[in-house]
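Following: one structure in structure tokens, then a few remarks.
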2 protein chains.
Amino acid sequence: MATIRDVAKLAGVSVATVSRVLNKTGYVNVETGRKVEKAIQQLQYEPNSVARGLAGKRTSTIAFILPDITNPFFSEMARGVEDKARELGYTVILCNSDDQGQKEKTYIEVLKKKYIDGIIIASQTLSSEDIQKMQQDQIPLVVMDRAPENQHCSVIRCNNYMGAKEAVAHLVEQGCCKIGHIYGPQELITARERMLAYEESVQGFSWYSPSLMEPGYFQLNGGQEAVKELLRRHPDIDGIFVGNDLMAIGVLKGLNQLGRRVPEDVAVCGFDGIALASMTIPELTTVAQPIYEMGELAALTLTQQIESTKPLPSVFELEPIFIERSSTRREPLA
Amino acid sequence: MATIRDVAKLAGVSVATVSRVLNKTGYVNVETGRKVEKAIQQLQYEPNSVARGLAGKRTSTIAFILPDITNPFFSEMARGVEDKARELGYTVILCNSDDQGQKEKTYIEVLKKKYIDGIIIASQTLSSEDIQKMQQDQIPLVVMDRAPENQHCSVIRCNNYMGAKEAVAHLVEQGCCKIGHIYGPQELITARERMLAYEESVQGFSWYSPSLMEPGYFQLNGGQEAVKELLRRHPDIDGIFVGNDLMAIGVLKGLNQLGRRVPEDVAVCGFDGIALASMTIPELTTVAQPIYEMGELAALTLTQQIESTKPLPSVFELEPIFIERSSTRREPLA
DNA sequence: CTGAAAGCGCTTACAG
DNA sequence: CTGAAAGCGCTTACAG
């Protein structure tokens, strides 16, 4: 492969000049520029990114740390990140953390050594101190689904609380007389917010009891198992607000196994709006986050932080959209 | 951050020596080694990967080019790739190609400039010439789901033909009297092999006609739409072998919308064995590939190629496993 | 507007 | 077993 030196020689200029036309930085005579361009063409020259990285401290590479790419929510988000990053000239490194702090930290060390330009974190176990520490290292950061108080980096999130309120209100409107909730891991702020909204929405009702809430892991089986436990305790439940779509799909399965019809016997509402939710039988009512767009926005925000002289952390709170489908569509009770 | 120079100074040796203990290469006196280790500890020294890459031509980074990370089949595979790569000390760059040759080529150019150590390609549009060209660039390569004739690189694949045969045989055994097939894009060898197996399995039957085959894109909607067309032409179909699970999930949906019961009216069998297939209603019978393991194997094979002096391309053909579930379980006809 | 030179932080023959 | 030196291929002040 040709180097910048070869180009300089062929064009009869110095490597500095070639570097200038390559990076469109500083002044360069139009005529000289043309000569250099021509030499680049002739030699099929492609600048070496690694050398560039070492000399310039920039690698045009970002990392996306997420719990598990196998989770459709995160793969949709990853697609958004990757598409936007590529559009902007960045390459993205994929890091599965399984929400384990240790894996995240190990990754961050590796990434720093690689002169990664910035990191998007959609994993929740990193403490505020960890994040502050990264700030000291000057490494641009965007976190997903964090509380906005965190002023050390940009955050992109959804209004989980309002979305969940809407979901529960909808179940009430549909005539549900005893609504349960299956919530995700309470280390996740998103899970906490959704649960809080549920509690505040239903605690005024006479039928309410804390035992209507059941924990579940944010996975397919999580929902399937949790719903069985929930119905064992409260066989008369006729509506369930589930903490995320993946669990909700498991809930549909669990209810089916228990012989309950959805929505006739039990109405089910999820959260997230993953693509799959429109393919279940029955189709899943859900609170849809703009998942792909959140990924795109994260990539855009991060690169802006990278490329601007002064990092300007900002908070984006997006609004989810309630989507009514057949898993909750029932005739009003007589 | 401390550099190798700082370590050398503190330990009272040359940078060459530090480099030797870092890389465990060449001889180094035990005592000297200890001094160096101590200096490294004291300074919290971490070698700079970029400098290392430039000097040594190795970056401990590989790339995984796939059609779309949003497809559960590929996200499971990506998880396998990433887990194994990390275990082996590599980092992985994610590249979505949408099966567009242009995107793949652009990516490959970018990756070469980044001194990527090797590439795993699970995308099918790259021609044999393209692959050969990469071979000339000395870049280690592993391709997924290619025909084994390709001797320029390692290939990892599944016995699609046998798996599909088994699927169709099972439908026949279940008493299906008219079996249709929804096939994926014929540019994909996997789709072709599965279709071929279907044809060869059924063409001896009196009910067979080529119009029992219907094309569909390897996506949820693909199956949903294709099954409607298929049943319009052949309302009496009572079994369908679907080219992959994602389409099969769409088929379940489509049949439900048409008011056909699965498996009572129509038995449905998919292919791939994605996690979701066990969560559908009814659960999907499928031919399961060891998806995660294929990803792991790809990463392992690639790194072996990278680290061994002479690349030893090899072909792995794995056997799929037939999994019978309720989407095909019917009482034999009287 | 352009060039010479230092420097980014390592690795790798080559001497000794 | 160890060190001096060249080199990887760029970028970036600094002069001019």
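Lettering follows sequence order; numbering is per chain, from 1. Worth saying up front: this structure is predicted, and the values here are computed from it rather than measured.
For the pair Lys35(B) NZ and dT2(D) C1', the interatomic distance rounds to 11 Å; values are reported in whole Å.
Using a 4.5 Å heavy-atom cutoff, the side chains of Thr106(B) and Gln102(B) are in contact. Two residues are said to be in side-chain contact when any heavy atoms from C-beta on lie closer than 4.5 Å; Glu109(A) and Glu46(B) meet this criterion. Between Met77(B) and Met144(B) the shortest side-chain heavy-atom distance falls below 4.5 Å. With a 4.5 Å cut-off on side-chain heavy atoms, Ile189(A) and Arg146(A) do not count as touching.
Pairing for dA13(D) is absent, with no Watson-Crick or G-U wobble pair whose two atom distances lie under 3.5 Å. Checking dA4(C) for Watson-Crick or G-U wobble geometry (two distances, each under 3.5 Å) identifies no partner in any strand.
Within the structure, every side-chain polar atom (N or O) of Ser14(B) is placed at least 4.0 Å from both OP1 and OP2 of dA4(D).
Applying the 6.0 Å contact sphere to NZ of Lys9(B) captures no more than 12 heavy atoms from other residues, nucleotides or ligands.
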- [ ] Mark up nucleotides 6-16 of chain D, 5' to 3', with B wherever a protein heavy atom is under 4.0 angstrom from a base atom, S wherever such an atom reaches only the sugar-phosphate, and - elsewhere.
- [x] -BBBBSBB---

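The residues Glu31(A) and Arg34(A) are annotated as salt-bridged, a charged nitrogen and a carboxylate oxygen being separated by less than 4.0 angstrom.
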